[in-house]
Amino acid sequence: RIIEQIITPVVLVLLVLVVYVMNVPGVRAAKDIIEAFRATTPEAMLDTFDRALSHGSFGNQEIREQMTRKAQEVIFNKDIPQATKDAVMRRVEEELIKQIEEKPNDARSHVFIASFYRSLGTPESLEKAAHELERARALSPRKQQIIFEQGLTYLQKGTNAQTIGNTLEAQKEFETARTYFKEAFELDTTYMEARSYYAMSNVALGDVSAVDTLITTDA
């Protein structure tokens, strides 16, 4: 009788609460994400993503990543004013930093913000990307994807230096990129993506003989 009159109702109430907390905020956030992708202005897009984050669901990391991808469309749209782009960049950066603060030991969070910084391509953003990737490596030292990102960051820094005619700086950055790609390749020499990146870094340095060796297979 005690079970029927007291315990069972309490358990049912708790079960309903758990179902609500686990599912309803997530469903609402998912609807907001869809609306954000349909938004016709950058301001509306950001407002809708903010609403998605306000539900307090367990998917905030995914929401922030989707927000970043959508924001990059704005940032690289030549028809959008620079002031609007700057506002979007700042807003996205705030959320990605918040993600790191919430999960400081999650290498993925550091890699994602580094990828965002790298996509911007400025000297300042590339320095930030390199810093975040160092933090990610400290958490996951042998993760090839992180090492690839490090190599790509320095390859991009070298290309920037080359564009402005700073040959010595470009050479130094390309050498650093090759060091990372070589490290990733040596972790698994059968991985074709690692082989391709390593070959690419040698192309940047004009080392054709190394490229020939890397692209030659037994097949």
Using a strict cut-off of less than 4.0 Å between a Lys/Arg side-chain nitrogen and an Asp/Glu carboxylate oxygen, indicate whether E93 and R90 qualify as a salt bridge. no
Got H110 and I146 here, is their nearest side-chain heavy-atom distance under 4.5 Å? no
Please lay out, stage by stage, how Q66 and F49 fare under the test side chain to side chain contact (heavy atoms under 4.5 Å, CB included). CA-CA 9 Å; Q66 293 299 332; F49 272 117; 4.1 Å; yes
Keeping H131 on the side-chain end and A114 on the backbone end, is there a donor-acceptor pair under 3.5 Å? no
If you compare all heavy atoms of T84 against all heavy atoms of E43, which two are closest, and at what distance to 0.1 Å? CG2-OE2, 3.9 Å
Reference residue E35; test salt bridge (Lys or Arg N to Asp or Glu O under 4.0 Å); the match among R51, R28, K70: R51
Just to verify, which of E101, E102, E95 counts as forming a salt bridge (Lys or Arg N to Asp or Glu O under 4.0 Å) with K98? E95
Minimum heavy-atom distance A170-G158, with the two atoms named: CB-O, 3.4 Å
F181-F185 co-clustered via ILVMFWY side chain contacts under 4.5 Å: yes
Any non-hydrogen side-chain atom of Y197 less than 4.5 Å from a side-chain atom of E193? yes
Using distance alone, with no hydrogens and no angle criterion, decide if Q145 and E149 have a side-chain donor and acceptor under 3.5 Å apart. no
Considering only heavy atoms from C-beta outward, does the side chain of D207 approach that of R178 to under 4.5 Å? yes
Using the side chain to side chain contact (heavy atoms under 4.5 Å, CB included) rule, take E132 and F116 through it: C-alpha gap first, then chi angles, then the decisive distance, then the call. CA-CA 11 Å; E132 291 298 336; F116 169 68; over 6 Å; no
Once you round to the nearest 0.5 Å, how far does CD of E183 lie from CD of Q150? 7.5 Å
Could you go through E73 and N77, starting from their C-alpha distance and side-chain angles, then the distance that decides it, and tell me whether this counts as side-chain hydrogen bond (donor to acceptor under 3.5 Å, both in side chains)? CA-CA 6 Å; E73 294 178 16; N77 187 331; over 6 Å; no
So, Y117 and E127: side-chain donor and acceptor under 3.5 Å apart, yes or no? no
Verify, without hydrogens or angle tests, whether T179 (side chain) and E175 (backbone) share a donor-acceptor contact under 3.5 angstrom. yes
List the atom of T48, the atom of A36, and the distance in Å for their closest heavy-atom pair. CG2-N, 3.6 Å
Would you find a donor on one side and an acceptor on the other, under 3.5 Å apart, between the side chain of N160 and the backbone of G121? yes
Got Q156 and L152 here, is their nearest side-chain heavy-atom distance under 4.5 Å? no
Might you point out which heavy atoms bring Q144 and Y191 nearest each other, and give the distance in Å? OE1-CD2, 3.2 Å
